[in-house]
Amino acid sequence: MIMKIIKHIFDFQRKHFDKGGRLERFHPIFEATETFFFIPDHVTRTGPHVRDSLDIKRFMSFVILALMPPFLFGIYNTGYQSSLVSGLPLDFFSVFAKGLYIVLPLVIVSYTVGSFWEGLFAVVRRHTLSEGFFVTGLLFPLTLPPTLPLWQAAVGISFGVVIGKEVFGGTGRNFLNPALTARAFIFFAYPAKMSGDVWTVVSAVKTRAVDAFSGATPLALACVADTSEKIEIFLAKGGYAFSTLFMGNYPGSIAGTSAFLCLLGAVILITVGIASYRTIIGGVLGVLLTGHLLNFFADASNPWLSINPFYHLVMGGFAFGIVYMATDPVSSPGMETARWIYGFAIGALTVLIRVFNPAYPEGVMMVILFMNVFAPLLDHIVITFKLKRRIPNV
């Protein structure tokens, strides 16, 4: 009954937004709002009829579905870390409510501000709103520390949408991942809010209210490991055993800590044919092979050289980045061989940055953006190579 009333409202108001109506300019906004409630009823009227079960809306819906495991865990983990250091109850519902209170405003700001820019460009250019922002608007806040001020999140998503996507023509024409572009801008514009003691929100410590608690992430802790002790042992003493790192119950970005749930998301995306398994497996191989090669050059002055390569997979945001960011179909290569190279390079460069630049141990963000730039070149090289292998016509 309610949906029939809503449908009647849209049908009654449509004449004002159609061609020739007084609100014709705002037709993209009207259409986007209507398709939020109802599946588009447009049908093909002339041949040829090309049909595909995976349209853009369903494509984005599957990505959102695959993001739910790390998203929901991120809410819980954020609330757990905050409650733990604040001396608050640690039962599931209290922890989840606390996490929701912290995370939900960031998500709302991301969607609200980003939708404003998407709608503005759609109105000016007179084209329909793309569903692609539903993914960008959720990915961006999930890569942030939970203590980031809301106004900085608004600035970041504005930069990501406008500079990272719209100036190039909108969804499908951007060569950089918009969510990562937004995060990179925040990282360099407001570094104090993106590194250091920013990973745990504290409601109160004893009688004093504070903004954040000094809780080191595994990557930050590994960087101060004693050169005479293996990083794995040092992390275990700090409470970060491999199983803890794999499950993700430690301070970090909102949804980037659990390698296990990112693996679950990868299975979903690969099964429905959205993410390329070549990019993901290539990234894992790049990490493991590079890590094993560096083990041969182990030096007491640099404990990172001797770390077990599997730790690179579960520490920091590599799992989240390779599954949800590197597989972006717009900013990643389209050729199958190029995807292997692209993924491998992301894994290898991430390890090299962590090993040789301990001041910036979380390198996966910049590595993916760097490889976004080279994605068209990789496609070009692969296509050129394939063309040269063709037998010339005689």
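Computed over heavy atoms, backbone and side chain alike; hydrogens, waters and symmetry mates excluded. By convention here, the first residue in the shown sequence is residue 1.
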Applying the 4.5 Å side-chain criterion to the ILVMFWY set and letting contacts propagate, would Met371 and Leu352 be lumped into a single cluster? yes
Give a yes or no on this: more than 12 heavy atoms of other residues, nucleotides or ligands lie within 6.0 Å of atom CZ of Phe93. no
May I ask you to test the Ile322-Val364 pair for a side-chain heavy-atom distance under 4.5 Å? no
Under 3.5 Å: donor-acceptor pair, side chain of Tyr324, backbone of Ala66: yes
When you measure from the side chain of Arg339 to the backbone N and O of Pro333, does any donor-acceptor pair fall under 3.5 Å? yes
Does Leu305 offer a backbone N or O that forms a donor-acceptor pair with the side chain of Asn295 under 3.5 Å? yes
Mind checking whether Lys193 and Pro149 have side chains closer than 4.5 Å, heavy atoms only? yes
For the residue pair Phe242 and Tyr311, is the inter-centroid distance of their aromatic rings smaller than 6.0 Å? yes
Starting at OH of Tyr101, measure out to CG of Leu104 and round the result to the nearest 0.5 Å. 11.5 Å
Please round to the nearest 0.5 Å and tell me the distance separating atom CG of Asn77 and atom OG of Ser253. 9.5 Å
What distance do Arg354 atom CZ and Thr290 atom OG1 have between them, rounded to the nearest 0.5 Å? 12.0 Å
When you group the ILVMFWY residues by side-chain heavy-atom contacts below 4.5 Å and let the links chain together, are Ile368 and Val330 in the same group? no
May I ask you to test the Phe116-Val161 pair for a side-chain heavy-atom distance under 4.5 Å? no
Give a yes or no on whether Tyr80 and Met247 share a hydrophobic cluster (residues Ile, Leu, Val, Met, Phe, Trp, Tyr; joining criterion: side-chain heavy atoms under 4.5 Å apart). yes
Would you find a donor on one side and an acceptor on the other, under 3.5 Å apart, between the side chain of Thr257 and the backbone of Gly248? yes
Between Pro70 and Ala255, the two heavy atoms sitting closest are O-CB, 3.5 Å
Taking it one step at a time, do Met366 and Leu349 satisfy side-chain contact (heavy atoms from CB on, under 4.5 Å)? CA-CA 10 Å; Met366 294 306 300; Leu349 290 174; over 6 Å; no
Is there a continuous path of hydrophobic side-chain contacts, each under 4.5 Å between heavy atoms, that joins Leu293 to Ile231? no
Flag the pair Met365 / Met325 as yes when at least one side-chain heavy-atom distance between them is below 4.5 Å, and no otherwise. no
For the CG atom of Leu150 and the OG1 atom of Thr112, what is their distance to the nearest 0.5 Å? 10.5 Å
Taking all atoms of both residues into account, what is the closest heavy-atom pair of Ser83 and Lys98, and its distance? OG-CG, 3.9 Å
Hey, does the side chain of Asp379 reach the backbone of Gly334 with a donor-acceptor pair shorter than 3.5 angstrom? yes
Give a yes or no on this: more than 12 heavy atoms of other residues, nucleotides or ligands lie within 6.0 Å of atom OH of Tyr190. yes
Are side-chain heavy atoms of Thr337 and Phe385 found at a separation under 4.5 Å? no
Check whether any side-chain heavy atom of Asn249 lies under 4.5 Å from a side-chain heavy atom of Gln81, and answer yes or no. yes
Using atom types as modelled and distance alone, determine if a side-chain donor or acceptor of Ser86 lies under 3.5 Å from a backbone N or O of Leu88. no
Run the ring-centre check on Trp117 versus Phe159 and record whether the distance is less than 6.0 Å. no
Surrounding NE2 of His380 (heavy atoms of other residues, nucleotides or ligands, distance under 6.0 Å), is the total greater than 12? no
Grab the two heavy atoms, one from Ser331 and one from Tyr342, that are nearest each other, plus how far apart they are. O-OH, 4.2 Å
Do Pro145 and Met194 come close enough that some side-chain heavy atom pair is under 4.5 Å? yes
Answer with yes or no whether the hydrophobic clustering places Leu100 together with Tyr111; edges join I, L, V, M, F, W, Y residues whose side-chain heavy atoms lie under 4.5 Å apart. yes
In Å and rounded to the nearest 0.5 Å, what is the CG to CZ distance from Leu138 to Phe71? 5.5 Å
Glu232 side chain to Asn308 main-chain N or O, any donor-acceptor pair under 3.5 Å? yes
Interatomic spacing from OG1 in Thr217 to CG in Leu245 - rounded to 0.5 Å: 10.5 Å
Go through Phe318 and Leu313 one step at a time and tell me if the side-chain contact (heavy atoms from CB on, under 4.5 Å) criterion holds. CA-CA 6 Å; Phe318 175 79; Leu313 297 176; 3.6 Å; yes
Which atoms form the tightest heavy-atom contact between Ala184 and Leu369, and what is the distance? CB-CD1, 3.6 Å
Taking the side chain as every heavy atom from C-beta outward, state whether Met335 and Leu378 have any pair of such atoms under 4.5 Å apart. no
What verdict does the side-chain contact (heavy atoms from CB on, under 4.5 Å) test give for Phe320 and Leu142, after you've listed the backbone C-alpha separation in whole Å, the side-chain angles of each residue and the deciding distance to 0.1 Å? CA-CA 10 Å; Phe320 190 83; Leu142 297 187; 4.1 Å; yes
CA sep, side-chain torsions, deciding dist, call: Phe356, Leu294, side-chain contact (heavy atoms from CB on, under 4.5 Å): CA-CA 11 Å; Phe356 296 109; Leu294 292 176; 4.1 Å; yes
Taking Leu106's backbone N and O only, do any of them form a donor-acceptor pair with Ser110's side chain (distance below 3.5 Å, no angle check)? no
Shortest non-hydrogen contact from Val201 to Val85? O-CG2, 4.4 Å
Partners of Phe92 by ring pair (Phe, Tyr, Trp, His ring centres under 6.0 Å), sequence neighbours excluded? Tyr76, Phe96
Tell me the closest heavy-atom pair linking Thr244 and Tyr250, and the distance in Å. O-CD2, 3.9 Å
Between Ser82 and Thr78 (side chain of the first, backbone of the second, donor and acceptor by atom type, cut-off under 3.5 Å), is there such a pair? no
